[in-house]
Number of protein chains: 2
Amino acid sequence: MAVTIKDIARKAEVSRGTVDRVLHNRKGVNAEVAERVNSIAKEMGFSPNRAGKVLAARKQPIRFGCLLPSIGNPFFNDLIAGIHLGEKELADYGVSIDVLQVKSFDKNIHLEAIKRLKDNRYQGLCITSIDVPEVKEAIDDIVISGLPVITVNTDITSTGRLCYVGPDYTHGGRTAAGLLSMMNNEEKLFILIVTGSFHIKGHNERIKGFTEGLEAHKMNFEVVCLLESMDDDEQAFTLTSECLKQNPQINCVFIAAAGVKGACEAIMHLHMQDHLKVMSFDDIPSTKALVKQGIISFTLCQEPRQQGYIAIQKLFSHLMSEGKTPMEDTITKTIIKIPENIED
Amino acid sequence: MAVTIKDIARKAEVSRGTVDRVLHNRKGVNAEVAERVNSIAKEMGFSPNRAGKVLAARKQPIRFGCLLPSIGNPFFNDLIAGIHLGEKELADYGVSIDVLQVKSFDKNIHLEAIKRLKDNRYQGLCITSIDVPEVKEAIDDIVISGLPVITVNTDITSTGRLCYVGPDYTHGGRTAAGLLSMMNNEEKLFILIVTGSFHIKGHNERIKGFTEGLEAHKMNFEVVCLLESMDDDEQAFTLTSECLKQNPQINCVFIAAAGVKGACEAIMHLHMQDHLKVMSFDDIPSTKALVKQGIISFTLCQEPRQQGYIAIQKLFSHLMSEGKTPMEDTITKTIIKIPENIED
DNA sequence: ATGAAAGCGCTAACAG
DNA sequence: CTGTTAGCGCTTTCAT
């Protein structure tokens with residue numbers, strides 16, 4: 001049977017209340033007593049019982065807040081589903097979650113949203129934002145005020161955030177290169193890269209991983225064009241169409257971000273799908289359909305649902321352990337999807 | 001705030017004890033009262049609070065038993081790790097787990113092990129066994145006695161088991177065919193299939209999925225040999241060596257079960273690795289190494305860790321909800337692993 | 001500064 | 001047949 005607060009109290013010859021005070025570093029305990037209780041607790045290997053904590057805490061339910069740039073971006077649907085799964089599983093423990101959705105990556109919108117979350121007195125935050133100095137400052141501000149913050153999907157580096165939960169973008173790019181190298185029969189690759197934005201680190205890392213991977217495999221390749229779709233399908237359609245027309249030698253399209261549907265429509269419009277190997281990321285419904293149709297050879301996913309779910313679980317764990325256990329980053333897997341396993 | 005037993009008691013004008021009795025279908029309650037309480041509970045949307053249940057149940061800790069044919073089969077290491085992860089997460093709720101490991105698939109050994117589990121008064125069982133009549137009977141026997149049973153990794157069909165947690169073997173084979181079709185440049189495939197046992201359904205389903213998948217892709221192929229390794233590396237080595245020597249036209253090896261290392265050693269011995277596409281299942285350490293070396297083109301994994309973890313979580317959920325929520329099967333994903341993402 | 005007691009939701013034991 | 005009570009581990013409040 002696990003050791004409880006009562007056991008410690010008995011051994012230390014104090015009351016349960018005192019033990020509780022010591023364990024939470026609350027003021028008003030004699031230093032010697034505190035020392036004694038602490039060492040006994042450690043010695044006995046005490047770890048608080050979740051069920052007990054949760055039950056006692058029911059009077060003040062736990063609330064988490066999330067910030068996601070998810071408006072107009074179906075990728076986040078699965079991530080949000082993961083968040084809600086976590087909420088459901090923790091409902092018995094009094095946890096409820098608010099998701100604040102914003103549109104795109106405008107710095108001021110994000111700063112304002114973060115401020116709103118801060119003012120809303122949550123017990124924990126879960127944030128996908130942009131890695132710029134102002135946001136970093138805002139995050140650190142929150143962390144200093146004692147509120148735990150987990151970054152999701154996109155890290156915000158060098159801040160006091162608890163941990164990061166999300167993909168390794170470079171790894172995704174490298175995996176695409178690895179698969180492509182297995183599929184290619186020594187003919188030279190003329191590659192069109194369609195990225196989302198030159199200013200988003202994850203997109204750049206995917207491209208870097210991809211080209212580095214091709215080099216590592218000693219592939220004979222040339223990047224013919226590098227287009228910026230601004231994660232917009234129309235933009236992707238227009239730019240891809242033009243590029244393909246002007247560069248008929250292209251035999252491979254690497255879509256590093258959103259705009260998958262637009263780029264693929266351009267390809268289909270020009271009836272080039274049979275002569276092109278197309279790779280993409282994520283599996284939003286339109287991408288799924290394109291994989292099933294065989295337009296896209298494969299798409300790489302990075303467990304969006306798990307990202308949301310794990311982030312919530314970690315916030316809760318952190319609260320339960322009062323931050324005494326260090327939090328490690330969780331890097332989600334790179335999942336290869338082809339027509340056969342896209343529905344998994 | 002969620003509705004509690006107390007709320008129901010007040011509304012039904014009975015005591016909490018009575019409500020508890022009704023909710024657990026215990027004898028000794030006036031039929032009319034029971035009816036009233038039940039309808040009020042339903043109406044108010046009552047669902048028992050886990051934390052409360054768990055705390056109250058601490059006097060009689062929960063014990064689960066598992067049966068795995070894991071001795072000498074490293075595949076099960078990850079599955080066991082998943083079981084222990086579940087145990088760790090539920091430790092606060094008084095859950096502990098015994099894993100009974102047996103060697104191979106001998107019917108009598110399994111029957112005896114199942115008997116031992118039954119006699120051991122667990123609150124739930126998690127079983128990987130063989131789908132034969134005697135085992136079915138033994139399982140049904142246990143289920144009838146009121147003990148929930150979940151089948152893991154290999155289903156035991158048409159029994160009263162709660163649900164199955166594990167892969168879809170056919171799907172795995174079909175995915176292998178899909179990937180192979182993407183990698184192949186129209187030359188005819190001469191295929192050697194190395195299976196584990198002709199009597200294990202999962203192995204047969206993988207082969208069926210594979211050949212059906214190749215047909216669906218209109219691949220030009222011929223199965224030259226079909227070998228039975230008995231999941232043994234030495235056996236696999238010997239048979240594969242002979243077959244490859246006698247059939248030099250073979251350019252593709254499909255390893256449907258264990259024996260991966262043996263088969264690959266035969267290939268390397270004959271220096272044929274550069275002329276063969278090799279596919280396998282699972283990612284035990286030796287298989288991982290072979291993928292990284294490039295001997296195996298890809299290996300397909302079916303989330304062994306998740307299988308163990310989910311099975312335990314489901315058993316616990318079932319206990320917590322007193323079996324009032326129906327349990328659905330969980331089919332694990334088919335994960336494609338190539339050198340770049342094998343460590344994920 | 002510390003102890004005592006109540007209560008979170010649920011179940012089990014006892015009392016009628 | 002049903003109500004009452006105690007207690008699981010923990011936190012909080014009140015009393016000392």
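Reminder, nothing fancy here: chain letters follow the sequence lines and each chain counts from 1.
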Practice task
Check every atom of dA12(C), dT11(D), dG9(C) against the side chain of R26(B) and return the nucleotide holding the closest atom.
Solution key: dA12(C)
Handout entry: Nearest-angstrom distance from the residue atom CG of N49(B) to C1' of dC8(D)
Key = 13 Å
Exercise for the section: Find which nucleotide of DNA chain D each of G52(A) and Q60(A) is nearest to by heavy atoms, and output the residue with the more 5' nucleotide. Expected result: G52(A)
Handout entry: D7(A) side chain to T4(A) backbone, donor-acceptor under 3.5 Å
Key = yes
Handout entry: Sugar-phosphate only, base, or nothing, as touched by V33(B) at under 4.0 Å among non-hydrogen atoms
Key = sugar-phosphate
Practice task
Flag the pair D155(A) and R161(A) as a salt bridge only when some basic side-chain nitrogen lies within less than 4.0 angstrom of an acidic carboxylate oxygen.
Solution key: yes
Practice task
Let me know the distance between CG of L55(A) and C1' of dT12(D), rounded to the nearest Å.
Solution key: 14 Å
Exercise for the section: Could you tell me the separation between the CG atom of L319(A) and the P atom of dT11(D), rounded to a whole number of Å? Expected result: 12 Å
Exercise for the section: Determine the contact category for N30(A): base if any of its heavy atoms lies under 4.0 Å from a base atom, sugar-phosphate if only primed atoms, P, OP1 or OP2 are that close, otherwise nothing. Expected result: sugar-phosphate
Problem - Spatial distance of atom CG (D141(A)) from atom CG (L147(A)) [nearest 0.5 Å] - result: 11.0 Å
Practice task
Look at the side-chain N and O atoms of K6(B) and state whether any lies under 4.0 Å from the OP1 or OP2 oxygen of dC10(C).
Solution key: no
Practice task
Decide, yes or no, whether a salt bridge links R26(A) with D20(A) under the criterion of side-chain N to carboxylate O below 4.0 Å.
Solution key: yes
What protein N or O atoms touch nucleotides 3-6 of chain C N or O atoms at under 3.5 angstrom, if any, and at what distances?
unit_1: dG3(C); atom_1: OP2; unit_2: S15(A); atom_2: N; d: 2.7
unit_1: dG3(C); atom_1: OP2; unit_2: S15(A); atom_2: OG; d: 3.1
unit_1: dG3(C); atom_1: OP2; unit_2: T18(A); atom_2: OG1; d: 2.8
unit_1: dG3(C); atom_1: N7; unit_2: R21(A); atom_2: NH2; d: 2.8
unit_1: dG3(C); atom_1: O6; unit_2: R21(A); atom_2: NH1; d: 3.4

Fill in the blank from the handout: dist Q302(A):CD -> T332(A):OG1 (nearest 0.5 Å) comes out at 5.5 Å
Practice task
Grab the CZ-P distance between R10(A) and dG9(D) for me, whole Å please.
Solution key: 10 Å
Exercise for the section: For Y93(B), report the nucleic acid contact type (base, sugar-phosphate, nothing); a contact means any heavy atom under 4.0 Å. Expected result: nothing
Exercise for the section: For the side chain of H24(A), starting at C-beta, report the closest nucleotide among dT11(D), dT2(D), dC10(C). Expected result: dT11(D)
Problem - Whole angstrom value for the distance that separates P of dC10(D) from CG of D20(A) - result: 9 Å
Practice task
Take the protein atom CG of L23(B) and the nucleotide atom C1' of dG9(C), then report the distance between them rounded to whole Å.
Solution key: 12 Å
Exercise for the section: Can you tell me the distance, in whole Å, between the CG atom of D7(B) and the P atom of dC8(C)? Expected result: 10 Å
Handout entry: D119(A)/R116(A) salt bridge by N-O under 4.0 Å criterion
Key = no
Completion exercise
Rounding to 0.5 Å, atoms CG (L117(A)) and OH (Y122(A)) come to a distance of 6.0 Å
Completion exercise
Rounded to whole Å, the CD1-C1' distance (I62(A) to dT11(D)) equals 13 Å
Handout entry: Candidate nucleotides dG9(C), dC10(D), dT11(C), ranked by approach to the side chain of T4(A) - the nearest
Key = dC10(D)
